2 protein chains.
Amino acid sequence: MATIQEVAKYAGVSVATVSRVINTPDKVRKHTQFKVQNAIRELNYEPSVLGRSLRTSQTRLFLVLLPSISNPFYAQIINGIQNKAIESGYNILLCETDSDPAREVIFFNMIKNKLADGIISMDPTVNKERLIELSTKYPIVQCSEYAKDNTLSYVTIDSERAAYQAVKHLIKLGHKKIGLINFDKKFLYASERYRGYEKALKEFDLEIKDDWIYNTKHLNFESGQQAMRVLLNQADRPTAVFAVSDVLAVGALKELHINQLRVPEEMALFGFDNIEFSNVVYPPLTTVAQPMYDMGSISVQMLMSKIRGEEVESLVLDHHLIIRETT
Amino acid sequence: MATIQEVAKYAGVSVATVSRVINTPDKVRKHTQFKVQNAIRELNYEPSVLGRSLRTSQTRLFLVLLPSISNPFYAQIINGIQNKAIESGYNILLCETDSDPAREVIFFNMIKNKLADGIISMDPTVNKERLIELSTKYPIVQCSEYAKDNTLSYVTIDSERAAYQAVKHLIKLGHKKIGLINFDKKFLYASERYRGYEKALKEFDLEIKDDWIYNTKHLNFESGQQAMRVLLNQADRPTAVFAVSDVLAVGALKELHINQLRVPEEMALFGFDNIEFSNVVYPPLTTVAQPMYDMGSISVQMLMSKIRGEEVESLVLDHHLIIRETT
DNA sequence: TTCTTAAAAGTAATCGATTACATAATATTT
DNA sequence: AAATATTATGTAATCGATTACTTTTAAGAA
């Protein structure tokens, strides 16, 4: 790859002029511009991101932190992020933390090292203190998952209300015994969705039974299946279950199949996220749709504002229920 | 973030000495080492990747090219890549090309710009000529998908044999009318799996009927569903279908549900890839398992060898059939 | 045509590291 | 103790760009 010096020599001008042709063409004469452009084309020159970054301290790269790439929930958000980022002349670096603090440190160092211009964090397992501390120096926004802290901006949905509406929908269908498959409540969205569940049941004077609530340790199909197994094994079992994530719901659905239970007649099921799978399983899963693509693209816009040094307001986007055939 | 100059000043030595303490500690006295280490700790110094890269031309970063992050097939491979890479002191940059040549160019430029030390390509839509040309100058390996070219190394499986075995399994179960849901045959694996299908049918003197073969344009659930719809709409329809990808198979399965066909009694289904989801659908999908994790970790080892300038041999790994309940 | 002013191009410092080469400080040999 | 060999440290060039500052060139005014 040719360097700026070679281009300068070839075009018979100084390196400064070449740099100007690239960055501020107005400052150079048409004739000179032409010569330089020609040299650039001839030598197949591309400015070195490294040299430029070292000098300007910007890489036009974002870090996107997520716990695991295999969770399909993130796929769509990433799509929104990617498209918006590219449109704005940025690229993204997908960073899978696997909920491993050591890996998190590596990625945080990348921004300290100016290898990236900003961070979009979607990782619920992220070290909140460190993230907050980092956010005082570097542009950071949170997407979907967030820490309640007013220095950190976020874009998310109202999980509590969504859960409330989902459970209310089950109640309206006549269910009186409603179970919950939740994720570890140390995650904000899990505790919020729990509160929505609780609120709906209380409002209709229905029983909140600890035996009908199962908190999973992991967010995968098996955990959902395991949860449903436990719920089914009870003498007095629920007639409907709200799962705080489609991944869990899909796993639960498998357990229902294994037990030959008719869905929704013998057991109704409500998921959350509207991942692609949710419409492919049988019967198609009733769920809560988050505006995933928008969340992604908005978080990029917020990050860009931050980079420009503007104040940015956090956003709570609208969700909606998608009633399919499991309820 | 402190710079090497500040550390040098604080420790009362030259920048060269600081650099030596970090890179070749044997060359500096214990006492000096101690002073410098202390300064590094005090100032919370981390070497700038940018400065270092500019000088040494290595970033310890890999590019991983894939068409789409939402295809669960890649999740496990990436896991293998990520773990092996981190173990070797490298990080990976996940690059979603969305099969868009313009985006591909961006990522290729990153390696020309020395922003990354190597590329692992898993993208079947990649521009093969450009990849081959690039591979003469930069370390590149292909994972799973590959171009037949002896300058380009790859790690993959024997798709033709796997397809042959899968179809043979269906034949052994007594099926005489076997359909195929394939992906666009311009992709090598699609044409190889087709050949395996063809070979098995020919061997047992079974009919290869064009009406029973559907090539999808995209690799997603809907395409699989659409394919099965077409196959079902025929007067004389197959009793078993081999889909070259689980994603297609799962979509096809949905169409079977919609049509209330019993699986496998009225229609058997054989997938390919063993994605996590294949064991969650109902009934669990019979499929071909690729050693995805290994493919990922091996491709990193191959890439590292290439970076060290060693000759590397391409590898064809073993697959195996996972017989579940759709056959 | 000469003087003033604005625009264009060049020179060199800079970003943060590494490293060849030069020099200073020890260690070893005689 | 002096001469020599070895090791430790420092100096300065370098990677590839950007940009403040200076100098040159061209345009406009008198």
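Proteins get letters first, then strands, A, B, ... in listed order; numbering begins at 1 in each. On a predicted model such as this, the values are computed, not experimentally measured, just so you know.
- The main-chain N or O of A:Ala102 is found under 3.5 Å from a side-chain atom of A:Asp100 such that the two form a donor-acceptor pair.
- Neither side chain, A:Ser121 nor A:Asp123, offers a donor N or O lying under 3.5 Å from an acceptor on the other.
- Under the 4.0 Å criterion applied to side-chain N and carboxylate O atoms, B:Lys84 and B:Glu87 are assigned as salt-bridge partners.
- In terms of position on DNA chain D, the residue among B:Lys27 and A:Tyr45 whose nearest nucleotide sits closer to the 5' end is B:Lys27.
- B:Glu46 comes within 4.0 angstrom of the backbone, heavy atoms only, and of no base.
- Inter-residue side-chain proximity for B:Tyr74 and A:Ile69 is flagged as unmet; no heavy-atom pair is nearer than 4.5 Å.
- Annotation for B:Lys306: atom NZ counts as buried by contact number, over 12 foreign heavy atoms lying within 6.0 Å.
- Distance CZ (A:Phe34) to P (C:dA9): 15 Å, rounded to an integer number of Å.
- The CZ-C1' distance, from B:Arg29 to C:dA24, rounds to 12 Å in whole Å.
- A salt bridge is defined here as a Lys NZ or Arg NE, NH1 or NH2 lying under 4.0 Å from an Asp or Glu carboxylate O, and B:Arg103 with B:Asp98 meets this definition.
- Across residues 13-25 of chain A, A:Val13, A:Ser14, A:Ala16, A:Thr17, A:Arg20 each have a non-hydrogen atom less than 4.0 Å from an atom of DNA chain C (numbered order).
- Each of B:Gln33 and B:Asn113 was assigned the nucleotide of DNA chain D with the nearest heavy atom; the assignment lying further toward the 5' end belongs to B:Gln33.
- Using a distance-only test at 3.5 Å, with no hydrogens or angles considered, a donor-acceptor pair links the side chain of B:Ser48 to the main chain of B:Gly51.
- Heavy-atom neighbours of B:Glu310 CD from other residues, nucleotides or ligands within 6.0 Å: above the threshold of 12.
- When DNA chain D is scanned in the 5' to 3' direction for atoms under 4.0 Å from non-hydrogen atoms of chain B, the outermost contacting nucleotides are D:dA8 to D:dG16.
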